[in-house]
Amino acid sequence: MPSVTILIPAYNAANFVEDAIRSALHQTYKDLEVVVVDDGSVDDTSRKVESFGGAVRLLRVKHGGLAWARNHGMRAATGRYIVFLDADDILEPHLVTRAIRFLERLPELAFVFCNVRVMFPDGRTTPRIPAHAFGEEPEIVLKNPLEQVLEAGHMISSSGLCARREALLEAGFFDESLWGAEDFEYWSRLYLRRLVGYIDDPLVRLRRHSDNMTLQAARMIPCMAASMEKVAARCLSSGRLDMVRTVRRYGARSIGRALRGLLLRGERSEARVLLRRYRRHLHVPDLVLLAAACVVPGSTLRAMARIRSRLFPART
């Protein structure tokens, strides 16, 4: 039995999945298996996976979404630790070695995640989280990720996240009713029970492209609203009343960012519908600004966004 399973869910990922698999196979940590779950792809994803032969285990399932595919992979995984990797992302060679060393040093940790380097289509790259955001040490134990990570405006990347199998069994499986934001809901089940670790080095390359789920606002906004309510309810049931406001602030920012993206792409009618439907999740200043933006010409919005990005570089 391998110590580690690297789990790659893939849907119509023929353009990227080979890079993801190669990065998994080229880890300095060798006691591992690579499992790819083809989530009913209609392109050449399975053929690209099969080209790696017995080095990779391929599971084909009917299309059911990211949570569905991850759950199938978790059930099939044999490793004591599971590393999650999206099919369009790339692991740096030392990711698994660093994560396993961290977890074995501190048995109380549920999982370890790391900083990531975002790759943009124009060739730019940037770390998602500023260096030393949580302290000067290269590896840090986080006691309250909701406050330390999410309240600061960052994210916990699923790609590169390494979890103990027993912690995942305690948490159950991903919520298959959520098309997106399922990771926000799922990881909260773990860090509300146990401590987690953070590696400051960017050991994952996160690819930005036009098919990213996070850019599909019309589907992502309802999922983020539902996920936010589930996490807030879990905080309440866990007696963590202080965290509920943090959860709602994070959700409001995510929904607001998605709505701004729709407006910048000129999809005004869709933005107006979603704004009316989910306005109760937004803070009043954002609600007012977004409502005003719905009537501002698209060219003006794009010019304002360019100026804002130069003056206040956005977190990725």
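Just so it is clear, the values below take in all heavy atoms, side chains as well, and ignore hydrogens, waters and symmetry mates.
Taking the six-membered ring for Trp and the full ring otherwise, F174 and W187 have centroids separated by under 6.0 Å.
Residue V149 forms a side chain to side chain contact (heavy atoms under 4.5 Å, CB included) with just one option from F113, Y191, Y198, and that option is F113. Considering D88, D19, D89 in turn, D19 is the only one that fulfils the salt bridge (Lys or Arg N to Asp or Glu O under 4.0 Å) rule with R207.
One distance of note links CG of L275 with NE2 of H281; it measures 12.0 Å at 0.5 Å rounding. Here the CG atom belonging to L7 is positioned 11.5 Å from the CG atom belonging to L161, to the nearest 0.5 angstrom.
In this structure, R164 does not pair ionically with E170, as no charged nitrogen and carboxylate oxygen lie closer than 4.0 Å. Checked for salt-bridge contact, D86 and R70 meet the test: a charged N lies under 4.0 Å from a carboxylate O.
Between H63 and Y11, the angle of the ring planes stays under 30°, which puts this pair in the parallel group of the 30/60° scheme. In this pair, F184 and Y250 present their aromatic rings tilted. The plane angle is within the 30 to 60° band.
In this structure a side-chain-to-backbone donor-acceptor pair under 3.5 Å is missing from R193 to A171. No donor-acceptor pair under 3.5 Å is formed between the side chain of D201 and the backbone N or O of L203.
L236 belongs to a hydrophobic cluster whose other members, connected by ILVMFWY side-chain contacts under 4.5 Å either directly or through intermediates, are L241, V244. Through direct or relayed side-chain contacts under 4.5 Å between Ile, Leu, Val, Met, Phe, Trp and Tyr, F16 connects to no other residue.
The shortest distance between side-chain heavy atoms of P222 and Y278 falls below 4.5 Å. By the 4.5 Å heavy-atom criterion applied to side chains, N12 and D39 are not counted as neighbours.
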Give the table of side-chain donor-acceptor pairs shorter than 3.5 Å for residues 99-111, with sequence neighbours excluded, one pair per line with atom names and distance.
from : atom 1 : to   : atom 2 : distance (Å)
R105 : NH1    : E139 : OE1    : 3.3
R105 : NH2    : E139 : OE1    : 3.1

